[in-house]
Amino acid sequence: MQEKRKSTILIGILICLIIIALKPIPSFNNNDPDFPSYEGESVVQLSENRIAIVDTNINSGLRGEVMVLEFNEDKKTFVPIGRYNYMDFFYNPKKYNF
């Protein structure tokens, strides 16, 4: 009798382990839109209508360039305000009175 009860418990445990092992893996849905990523470039918002595009790609001829653009609401386009090189600032601080 005791032997029968032990085998019933062991069979129950085995069935539970099989159910756990075959349980489907939950899938998570990510509904975020995929934005293209450009290696070495980033866009930074400076103010409500101004952005800066920073090029940090080592192999780029524009490495260290920061382009500042302002959004023109009448034309619905970005207008360039200035172009700066932050690498020049770090390599030549005396040029900028530092």
Handout entry: Asn85-Glu65 side chain donor-acceptor pair, cut-off 3.5 Å
Key = yes

Handout entry: Linked hydrophobic residues, Leu69 as query - side chain contacts closer than 4.5 Å
Key = Val43, Ile51, Ile53, Met67, Phe71, Phe78

Exercise for the section: Using atom types as modelled and distance alone, determine if a side-chain donor or acceptor of Asn72 lies under 3.5 Å from a backbone N or O of Asp74. Expected result: yes

Problem - Taking every non-hydrogen atom, the tightest pair across Glu48 and Gln45 - result: O-NE2, 3.7 Å

Practice task
Mind checking the NZ-CD1 spacing from Lys23 to Ile18? Nearest 0.5 Å is all I need.
Solution key: 16.0 Å

Handout entry: Interatomic spacing from CD1 in Ile11 to NZ in Lys6 - rounded to 0.5 Å
Key = 14.5 Å

Fill in the blank from the handout: Rounded to the nearest 0.5 Å, the CD1 atom of Ile9 sits from the CG atom of Leu14 at a distance of 13.5 Å

Practice task
Name all residues meeting the side-chain contact (heavy atoms from CB on, under 4.5 Å) criterion together with Leu10; count only those two or more places apart in sequence or in a different chain, and write none if there are none.
Solution key: none

Exercise for the section: Group every Ile, Leu, Val, Met, Phe, Trp and Tyr by side-chain heavy-atom contacts under 4.5 Å, then state whether Val54 and Tyr91 land in the same group. Expected result: yes

